[in-house]
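Atom set for the values below is all heavy atoms of this structure, side chains included, hydrogens, waters and symmetry mates excluded.
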Amino acid sequence: MIDKNRKKADIVAVAKAARVSISTVSRSYNHPEQVKPATRKKIDAAVRRLGYIRNRAAQTMHGIRSGTIGLIVPTIDHAIFAEVIQAFSDAVDAEGFTILIASHGYDLEREYAVMRKFLEHRVDGVALIGQEHSEETYQLLDSQAIPAMTIWNFAETSRISCVGADNFAAGQTAAEHLIGLGHRKIGLIFPPTGGNDRASDRQSGAFAALAQAEIMTQAHWWIEAPYSISDAKKAALELLQSGPVPTALLCGNDVLAQGAIYAALRFGLRIPEDISIIGIGDFKGSKEMEPNLTTVRLPARRIGLLAGQQLARSIIHSELDVFRIRCDIELIARGTCGRV
């Protein structure tokens with residue numbers, strides 16, 4: 001049974017068990033680079049043995065970092081952000097930080113509310129997805145003067161620091177690949193673009209490439225579908241059943257592309273002989289699909305690692321300068337696209 005009267009271990013007990021000073025224990029948490037590895041190992045052993053938990057709230061009141069970074073994402077319900085979140089978490093963990101994560105469901109007002117809660121908990125820094133945020137969110141970040149950045153979508157004119165890929169170029173690259181294979185009857189399946197600058201930029205890039213090639217897409221070949229394989233399959237089936245079938249489908253991400261593949265197979269089409277399908281993202285599993293998916297790779301892990309490293313360093317060194325890092329995209333030609 002748990003002894004409720006047992007006194008919780010404090011920093012004094014840890015220092016005594018590790019045979020170091022209280023200030024050394026404190027320094028091992030707040031400035032580990034100043035403590036010898038052997039000493040940190042002794043302190044860690046004492047902490048584990050005693051079950052010591054330091055009081056973050058008290059430390060925050062005394063001006064010491066909370067050791068947390070707030071990460072706000074549109075959704076954690078799909079694999080779209082899984083790799084970038086994991087890489088970001090790994091990077092900040094290596095620097096001694098822990099992430100607090102929340103989603104806003106593509107609702108920018110909800111994002112603002114979550115941001116306020118994170119700041120009330122005195123996070124040391126904040127990371128957001130994409131460039132589209134409410135003015136109140138940007139003003140809140142300005143007023144608090146803490147390191148903040150956006151992840152996933154690169155923009156040369158971003159209001160705060162960013163690490164990401166050029167999503168306009170991703171959409172453009174996908175369309176140009178289909179055009180280069182001789183396709184002129186191209187359908188598009190994209191997620192709703194409201195509050196989603198990544199989807200909006202990809203869609204704009206695709207239409208720019210089509211316009212450059214003087215290709216007009218039919219109205220019923222341009223549809224929206226949520227981030228769901230089942231919804232994408234349903235939407236793609238409706239597109240295929242609505243009239244003449246396009247020779248290619250350009251999908252705003254790999255999740256939609258997977259749904260489109262299932263729809264095409266259900267409709268009795270061969271891929272890529274009867275219809276070509278291309279996605280954007282190169283998520284885990286896209287390579288293993290049958291046929292394996294042609295897509296435009298967004299380097300999710302590299303984006304997450306660089307973002308985490310840069311934000312952690314900005315916090316540690318109290319830097320608020322804006323930086324912008326663009327990660328290269330890459331066309332990955334596989335089995336779902338062929339020549340007309």
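- Residues Phe88 and Val84 share a hydrophobic cluster, clusters being chains of Ile/Leu/Val/Met/Phe/Trp/Tyr side chains in contact below 4.5 Å.
- Aromatic pair Phe81/Tyr227: ring centres not closer than 6.0 Å.
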Let's go through Asn167 and Leu298 carefully: what are the C-alpha distance in whole Å and the side-chain angles of both, what is the deciding distance for side-chain contact (heavy atoms from CB on, under 4.5 Å) to 0.1 Å, and is it a yes or a no? CA-CA 9 Å; Asn167 281 274; Leu298 303 178; 3.9 Å; yes

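- Within the structure, salt bridge (charged side-chain N to carboxylate O under 4.0 Å, His left out) pairs that include any residue of residues 182-208 do not occur (at least two apart or interchain).
- Follow the hydrophobic side-chain contacts under 4.5 Å out from Val92 and you never reach Leu305; the two are in separate clusters.
- At a threshold of 4.5 Å between side-chain heavy atoms, the hydrophobic network of Ile, Leu, Val, Met, Phe, Trp and Tyr places Tyr29 and Leu50 in one connected group.
- With contacts defined as side-chain heavy-atom distances shorter than 4.5 Å, the pair Thr294/His177 qualifies.
- Leu71 approaches Ile151 most closely through the heavy-atom pair CD1-CD1, 4.1 Å.
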Could you pull out every donor-acceptor pair under 3.5 Å between side chains of residues 261-285 and any protein atom, sequence neighbours left out?
from: Tyr262; atom 1: OH; to: Gln258; atom 2: NE2; distance (Å): 3.0
from: Arg270; atom 1: NE; to: Asp274; atom 2: OD2; distance (Å): 3.1
from: Arg270; atom 1: NH2; to: Asp274; atom 2: OD1; distance (Å): 3.0
from: Asp274; atom 1: OD2; to: Arg270; atom 2: N; distance (Å): 2.7
from: Ser276; atom 1: OG; to: His183; atom 2: NE2; distance (Å): 3.3
from: Ser276; atom 1: OG; to: Gly338; atom 2: N; distance (Å): 2.9
from: Ser276; atom 1: OG; to: Gly338; atom 2: O; distance (Å): 3.3
from: Asp282; atom 1: OD1; to: Arg334; atom 2: NH1; distance (Å): 3.1
from: Asp282; atom 1: OD1; to: Arg334; atom 2: NH2; distance (Å): 3.0
from: Asp282; atom 1: OD2; to: Arg297; atom 2: NE; distance (Å): 2.7
from: Asp282; atom 1: OD2; to: Arg297; atom 2: NH2; distance (Å): 3.0

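- Hydrophobic cluster membership differs between Phe154 and Phe168, with clusters built from Ile, Leu, Val, Met, Phe, Trp and Tyr side chains linked at under 4.5 angstrom.
- Within 6.0 Å of CD1 on Ile76 lie no more than 12 heavy atoms contributed by other residues, nucleotides or ligands.
- Cys327 is listed as a side-chain neighbour of Leu306, based on a closest heavy-atom distance under 4.5 Å.
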Just do the side-chain contact (heavy atoms from CB on, under 4.5 Å) check on Leu178 and Cys337 with the steps written out, would you? CA-CA 8 Å; Leu178 295 177; Cys337 287; 3.9 Å; yes

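- We find that Glu135 and Arg159 are joined by a salt bridge, their nearest charged nitrogen and carboxylate oxygen being less than 4.0 Å apart.
- The ring pair (Phe, Tyr, Trp, His ring centres under 6.0 Å) search around Phe190 returns none, not counting sequence neighbours.
- Across Ile146 and Gly125, no two heavy atoms sit closer than the pair CD1-CA, 4.1 Å.
- If you chain together hydrophobic residues whose side chains sit under 4.5 Å apart, Val163 and Val126 never meet in one group.
- Judged purely by atom type and a 3.5 angstrom limit, Asp10 uses its side chain to pair as donor or acceptor with the backbone of Ala13.
- The line from OG1 of Thr68 to CD1 of Ile99 is 11.0 Å long, rounded to the nearest 0.5 Å.
- Nearest heavy atoms, His220 versus Gly243: NE2-CA, 4.2 Å.
- Aromatic ring orientation, His133 versus Tyr138: perpendicular (interplanar angle above 60°, classes split at 30° and 60°).
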Please tabulate, for side-chain N and O atoms in residues 204-217, each donor-acceptor pair with protein atoms closer than 3.5 Å (sequence neighbours left out).
from: Ser204; atom 1: OG; to: Ser200; atom 2: O; distance (Å): 3.0
from: Thr217; atom 1: OG1; to: Ile186; atom 2: O; distance (Å): 2.8

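- You'll find the side chain of Asp124 stays beyond 4.5 Å of the side chain of Pro147, heavy atoms only.
- Put simply, OH on Tyr112 and CD1 on Ile72 are 12.0 Å apart, with the number rounded to the nearest 0.5 Å.
- A heavy-atom distance below 4.5 Å is not found between the side chains of Pro191 and Glu224.
- The OG1 atom of Thr336 lies 10.5 Å from the CG atom of Leu249; values are rounded to the nearest 0.5 Å.
- Taking OG of Ser89 as the start and CD1 of Ile69 as the end, the distance is 9.5 Å to the nearest 0.5 Å.
- Residues Pro192 and Tyr106 are not in side-chain contact: their nearest non-hydrogen atoms beyond the backbone lie 4.5 Å or more apart.
- Nearest heavy-atom pair, Ala235 versus Ala225, reported as atom, atom and distance to 0.1 Å: CB-CB, 3.9 Å.
- Scanning both residues, Pro291 and Gly335, for their nearest heavy atoms gives CB-O, 3.9 Å.
- Taking CD from Glu176 and CG from Leu331, the interatomic distance works out to 10.0 Å, rounded to the nearest 0.5 Å.
- Legend: salt bridge (charged side-chain N to carboxylate O under 4.0 Å, His left out) pairs involving residues 299-327, not counting sequence neighbours, sorted by first then second residue: Asp90-Arg301, Glu156-Arg326, Asp166-Arg326.
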Return all side-chain donor-acceptor pairs below 3.5 angstrom for residues 34-48, not counting sequence neighbours, or 'none' if the list is empty.
from: Arg40; atom 1: NH1; to: Pro32; atom 2: O; distance (Å): 2.8
from: Arg40; atom 1: NH1; to: Val35; atom 2: O; distance (Å): 2.7
from: Asp44; atom 1: OD2; to: Arg48; atom 2: NE; distance (Å): 2.8

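- Residues Trp221 and Pro244 come closest through the heavy atom pair NE1-O, 2.9 Å.
- Side-chain atoms of Arg122 come within 3.5 Å of backbone atoms of Leu119 as a donor-acceptor pair (strictly under, hydrogens ignored).
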For a side-chain contact (heavy atoms from CB on, under 4.5 Å) check, start with the C-alpha distance between Ile325 and Gln310, then their side-chain angles and the critical distance, and finish with the verdict. CA-CA 10 Å; Ile325 301 175; Gln310 290 294 329; 3.8 Å; yes

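- The CD1 atom of Ile129 lies 9.5 Å from the CE atom of Met149; values are rounded to the nearest 0.5 Å.
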Ser134 vs Glu111, test: side-chain contact (heavy atoms from CB on, under 4.5 Å). Steps then yes/no. CA-CA 9 Å; Ser134 69; Glu111 180 185 60; 5.6 Å; no

